[in-house]
Peer 1: 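One structure, pasted below without further comment.
All values below were derived from every heavy atom in this structure, side-chain atoms included, with hydrogens, water molecules and symmetry-related copies excluded. Whatever order the structure lists ligands and atoms in, that order sets their numbers, starting from 1. Quick caveat: nothing in here was measured; it's all calculated off a predicted structure.
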Amino acid sequence: MINNAEQKKLFRVALETKVQRMFGRTIRGASEDQIFQAITQVVSDLVKEQRAYSRELMRGHHEKELYYLSMEFLMGRALGNNLINLGIEDLVVEVCQDLGLELSELQEVEPDPGLGNGGLGRLAACFMDSLASLGHKATGCGIRYEYGLFQQKIIDGYQVEVPDPWLENGTSWEIALPEETEIVKFGGFVEVKEGNGRLIYEHKGYQSVRAVPYEMPILGYQSDVVNSLRLWAARATKHLDMSLFGQGKYLDALEEKELAEVISKVLYPDDNHPEGKALRLKQQYFFVSASMQSIVRKFRQQYGSSFAQFPEHVVVHINDTHPALAIPELMRILLDDEGLDWDQAWKITKSTFAYTNHTIMEEALERWPEGLFRDLLPRLWDIVYEINERFCADLWERYPGDWDRIARMSIISNHEVKMAHLCIVGSFSVNGVAKLHSQILREQVFAEFSEFFPEKFTNVTNGVTFRRFLLKANPSLADLVTERIGSGWIKKPEELAKLLPYQTDQGTQQALAHIRHANKLSLANYISGHNHVRVDPNSIFDVQIKRLHEYKRQLLNILHVLYLYNRLLDDPKFELYPRTFIFGAKAAPGYGTAKLIIKLIHDVAERINNDRSIDDRLKVVFIENYRVSLAEAIIPAADVSEQISTAGKEASGTGNMKFMLNGALTIGTLDGANVEIDQAVGRDNIFLFGLSAAETNQYYRDGTYRPYEVYMADPYLKQALDQLVNGFVNAQHPSLYQELYQGLLYGHGGMADPYFVLKDFASYRQAHEAINVQYQQPELWWKKAIINIGNAGHFSSDRTVEEYNQRIWKLR
Ligand code: 26Q
């Protein structure tokens with residue numbers, strides 16, 4: 001062991017040398033950018049050394065391995081996280097200080113890799129962290145998008161999308177593995193021949209694309225295991241290039257290259273709002289085929305062709321239906337490449353896969369047109385067809401004559417392939433992501449499947465990594481917690497409960513209040529720099545940050561803000577403790593209503609923030625380009641966490657957990673994981689409002705909801721709603737929000753106000769009144785905050801991953 005001073009010296013020398021070798025400059029002569037590059041390189045060298053060491057340890061161990069297949073991994077910045085996981089953060093901060101540098105500023109140079117849309121992608125990233133920290137062998141498999149989720153610019157209150165070329169300056173965190181390239185085949189046709197007394201399926205006339213893997217090492221916290229995130233990049237096959245080249249078709253060869261490489265070019269920016277584009281299907285098959293081929297190849301190297309043992313050594317998790325083609329792809333490999341017969345291959349396949357559903361929204365369930373599927377993936381089409389024939393035959397045996405039911409449950413119907421049905425039939429486990437969500441899956445969305453395969457259905461409630469969202473994001477709160485209860489909570493989240501005895505402790509309450517205030521001050525500085533709005537750190541910071549979607553009801557929030565403003569204007573006696581409402585949200589580029597709500601938030605903000613008559617008691621801020629690194633800055637500064645989705649719509653939510661962990665109080669509906677947060681903290685420590693899932697469901701069934709009547713009966717609500725269209729929020733363009741107004745009162749063809757914004761308005765208002773009163777009783781407020789932190793243990797992704805492991809994966 002070498003001591004701290006020596007370690008510091010080693011790191012300093014390594015950094016100085018690196019700057020010289022990379023840029024031909026000394027530290028004094030280098031730019032901030034160059035120093036960032038050099039630090040990253042030094043740290044990534046250490047990470048890769050750890051990886052080499054870990055692989056050496058693992059060599060010869062034949063442990064079961066998890067492959068987590070996901071179209072999205074929303075990892076966030078790596079430098080800070082890796083410093084923490086290497087246990088050298090303090091040391092590097094000091095080295096930087098000695099050199100006159102501020103590490104926190106250097107970290108801001110790192111592009112935030114946005115290889116995901118929202119919750120589903122961030123969950124995958126949290127799982128990668130927890131798996132490595134808990135010492136489980138796991139590989140994340142996905143796509144190395146050249147462009148991540150678009151960057152959001154706000155111009156005149158409107159969202160404008162700008163590309164996110166996160167790889168432009170390269171990244172030090174990945175290792176290219178061209179020698180592990182796989183070939184993926186698209187299009188063509190299948191020829192059936194007889195050989196050795198069996199049918200042989202030959203795929204011909206296809207186009208092939210090379211899949212080149214890049215691996216990012218995933219360190220755990222105080223763990224010897226280093227896992228990998230394996231992301232596939234699409235490249236043209238050399239073979240094709242050369243043949244065209246030889247014929248003098250230079251431009252054609254380049255075009256081929258472009259056509260191949262477009263597959264991994266960009267992440268689809270739709271969240272719970274799928275678009276059925278051919279390129280998306282190509283992306284899915286591309287990474288799934290490459291992943292399954294490499295998994296089988298590795299199995300063969302280790303265990304030969306004893307494929308019956310495959311499920312003992314390999315489990316493949318499917319993150320929503322996006323990687324569902326892995327199921328028929330494994331069938332194809334086992335049948336065509338390995339020569340197994342159907343029954344053997346099917347037995348192996350359905351013991352290998354587990355599927356998580358993340359959404360109940362009907363329109364978000366993936367289906368692909370038969371024609372597109374068949375043309376792009378002719379061999380997989382045959383296989384899915386056969387899987388379905390056999391499944392329907394099983395259904396027939398159980399429900400003879402019940403054609404309607406069989407049609408509803410069929411994988412292929414109305415000339416579409418229903419990916420969720422394929423997943424349920426082809427997996428041994430199907431789970432939802434919160435108790436309520438799993439119950440809705442079993443009782444409503446997949447009720448008939450759950451009757452047929454009751455043993456497959458289960459729940460595993462989501463969680464978040466405490467390393468990134470407390471230790472890294474809120475170091476002063478993490479220190480306070482550690483001072484009180486020791487550092488065990490970092491790896492044993494349930495130990496946070498040891499904080500509960502401090503709930504009424506004045507010293508702890510005050511320390512927490514100080515930390516919050518300092519975090520609010522930093523956020524206020526950010527806001528003043530970016531939004532040119534001055535917000536008061538003594539006001540209540542009330543935050544809603546998440547994708548913009550009608551079911552998440554940012555519209556309810558902003559209508560309530562408008563209501564508060566009206567009260568301040570109309571009633572000099574109206575009491576309001578100063579409030580700052582903070583929003584952050586990207587809208588899918590094709591989702592017009594969501595984009596209009598962003599504009600509305602800006603117009604309301606403009607009006608309120610510039611009104612001197614209300615004495616700064618109300619401010620509204622929209623933070624541009626919300627992303628993981630901003631979440632880390634915003635959440636520690638929040639007093640109030642807005643989790644206000646229409647009950648029954650949000651599968652889980654995970655932002656709710658990050659806020660709770662940082663001691664913010666939730667205002668929310670009984671939806672998703674809010675239900676379990678309520679159970680964990682108790683009714684006194686959360687602000688609940690609104691319809692229950694049972695009630696919204698009843699309205700959907702009986703059609704008796706009349707938003708117009710609600711509007712007419714509530715003058716405050718009517719006033720706010722009318723202001724959307726009477727020029728109050730936008731005098732230049734009074735009809736701008738007509739669409740929102742009409743949708744709430746009359747609907748657009750379908751049901752009016754399908755997300756119950758009007759119905760829940762009054763009770764939302766009351767919940768906010770309770771916040772207004774209770775925030776002014778500091779002993780009460782901070783007690784509740786500590787109770788929230790102390791009960792957050794259940795919402796650690798370490799707990800989630802352990803549950804997956806015990807019930808589903810069975811690693812070690
Ligand atoms: C599908 C097809 C074509 C294009 C896009 C898509 C697509 C992409 C992303 C469909 C859905 C998504 C993302 C879904 C998502 O993030 N769901 C969230 O998952 C979280 C983790 O479980 C939950 O906490 C959230 O409640 C859920 O909304």
Peer 1: Compute the shortest N/O to N/O distance between Glu650 and ligand 1 and return yes if it is under 3.5 Å, no if not.
Peer 2: yes
Peer 1: Under 3.5 Å, is there a donor-acceptor pair between the side chain of Glu72 and the main chain of Asn117?
Peer 2: yes
Peer 1: Any chance the rings of Tyr764 and Phe689 have centres within less than 6.0 Å?
Peer 2: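 Aromatic pair counts; centres sit under 6.0 Å.
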Peer 1: Tell me whether Gly653 reaches ligand 1 (any heavy atom closer than 4.0 angstrom to a ligand atom).
Peer 2: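 A heavy atom of Gly653 does come that close to ligand 1.
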Peer 1: Is there a donor in the side chain of Thr654 and an acceptor in the side chain of Asn462, or the other way round, less than 3.5 Å apart?
Peer 2: no
Peer 1: Check whether any heavy atom of Asp271 sits under 4.0 Å from an atom of ligand 1.
Peer 2: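 Flag set, Asp271 near ligand 1.
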Peer 1: Just let me know how Lys277 lines up against ligand 1, side chain, backbone, both or neither, with a heavy-atom cut-off below 4.0 Å.
Peer 2: neither
Peer 1: Does Lys282 NZ have over 12 foreign heavy atoms under 6.0 Å away?
Peer 2: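 No, not enclosed.
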Peer 1: Mind checking whether Arg547 has a heavy atom under 4.0 Å from ligand 1?
Peer 2: no
Peer 1: Strictly under 4.0 Å, does any heavy atom of Tyr551 approach an atom of ligand 1?
Peer 2: yes
Peer 1: Are any of the N/O atoms on Asn462, whether in the backbone or the side chain, positioned under 3.5 angstrom from an N/O atom of ligand 1?
Peer 2: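 Such a contact does occur with ligand 1.
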Peer 1: On a heavy-atom basis, I'd like to know which of Leu120, Asp270, Ile360 is closest to atom 9 (C) of ligand 1.
Peer 2: Asp270
Peer 1: Record the part of Glu366 in heavy-atom contact with ligand 1 below 4.0 Å; permitted values are side chain, backbone, both and neither.
Peer 2: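 The side chain, only.
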Peer 1: Which bit of Thr356 gets closer than 4.0 Å to ligand 1, counting heavy atoms only: side chain, backbone, both or neither?
Peer 2: neither
Peer 1: Does Arg144 count as lying over the ring of Tyr214, i.e. NZ or CZ under 6.0 Å from the six-ring centre, within 45 degrees of the axis?
Peer 2: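 Judged by the rule (NZ or CZ under 6.0 Å from the ring centre, within 45° of its axis), Arg144 counts as positioned above Tyr214.
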Peer 1: Considering distance alone, does some N or O of Val433 sit under 3.5 Å from an N or O of ligand 1?
Peer 2: no
Peer 1: Determine whether the aromatic ring centres of His317 and Phe127 lie less than 6.0 Å apart.
Peer 2: no
Peer 1: So which heavy atom in the protein is nearest atom 2 (C) of ligand 1, and how far is it from that ligand atom?
Peer 2: Pro274 CB, 3.2 Å
Peer 1: Does the structure place the NZ or CZ of Lys586 under 6.0 Å from the centre of the six-membered ring of Phe150, at an angle of no more than 45° from the ring's axis?
Peer 2: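 Verdict for Phe150: a cation-pi partner in Lys586.
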Peer 1: Please evaluate residues Asn388 and Ser410 with respect to the criterion side chain to side chain donor-acceptor pair (under 3.5 Å), reporting the C-alpha separation (whole Å), side-chain torsions for both, the decisive distance (0.1 Å), and the verdict.
Peer 2: CA-CA 7 Å; Asn388 191 44; Ser410 178; 3.1 Å; yes
Peer 1: So which protein heavy atom does atom 22 (O) of ligand 1 come closest to, and at what separation?
Peer 2: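 That would be His358 ND1, 2.6 Å.
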Peer 1: Considering the heavy atoms of Ala651, write down every atom of ligand 1 situated less than 4.0 Å from one of them.
Peer 2: 26 (O)
Peer 1: Which of the numbered atoms in ligand 1 are below 4.0 angstrom from a heavy atom of His322?
Peer 2: 1 (C), 7 (C), 8 (C), 9 (C), 10 (C), 11 (C), 12 (C)
Peer 1: With ring centroids as reference points, do Phe659 and Phe795 lie under 6.0 angstrom apart?
Peer 2: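 Here the rings of Phe795 and Phe659 have centres that are no less than 6.0 Å from each other.
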Peer 1: Considering only the protein, which heavy-atom contact is closest to atom 3 (C) of ligand 1, and what is its distance?
Peer 2: Arg280 NE, 3.1 Å
Peer 1: Could you check Ile686, Leu688, Asn674, Val640 and say which one makes a side chain to side chain contact (heavy atoms under 4.5 Å, CB included) with Ile667?
Peer 2: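 Among Ile686, Leu688, Asn674, Val640, the one meeting side chain to side chain contact (heavy atoms under 4.5 Å, CB included) with Ile667 is Val640.
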Peer 1: Considering residues, nucleotides and ligands other than His748, do more than 12 of their heavy atoms fall under 6.0 Å from its NE2?
Peer 2: yes
Peer 1: Below 4.0 Å from any atom of ligand 1, is there a heavy atom belonging to Glu72?
Peer 2: yes
Peer 1: Students should be able to answer this: which protein heavy-atom is nearest to atom 12 (C) of ligand 1, and at what distance?
Peer 2: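 For atom 12 (C) of ligand 1, the nearest protein heavy atom comes out as Asn272 N, 3.6 Å.
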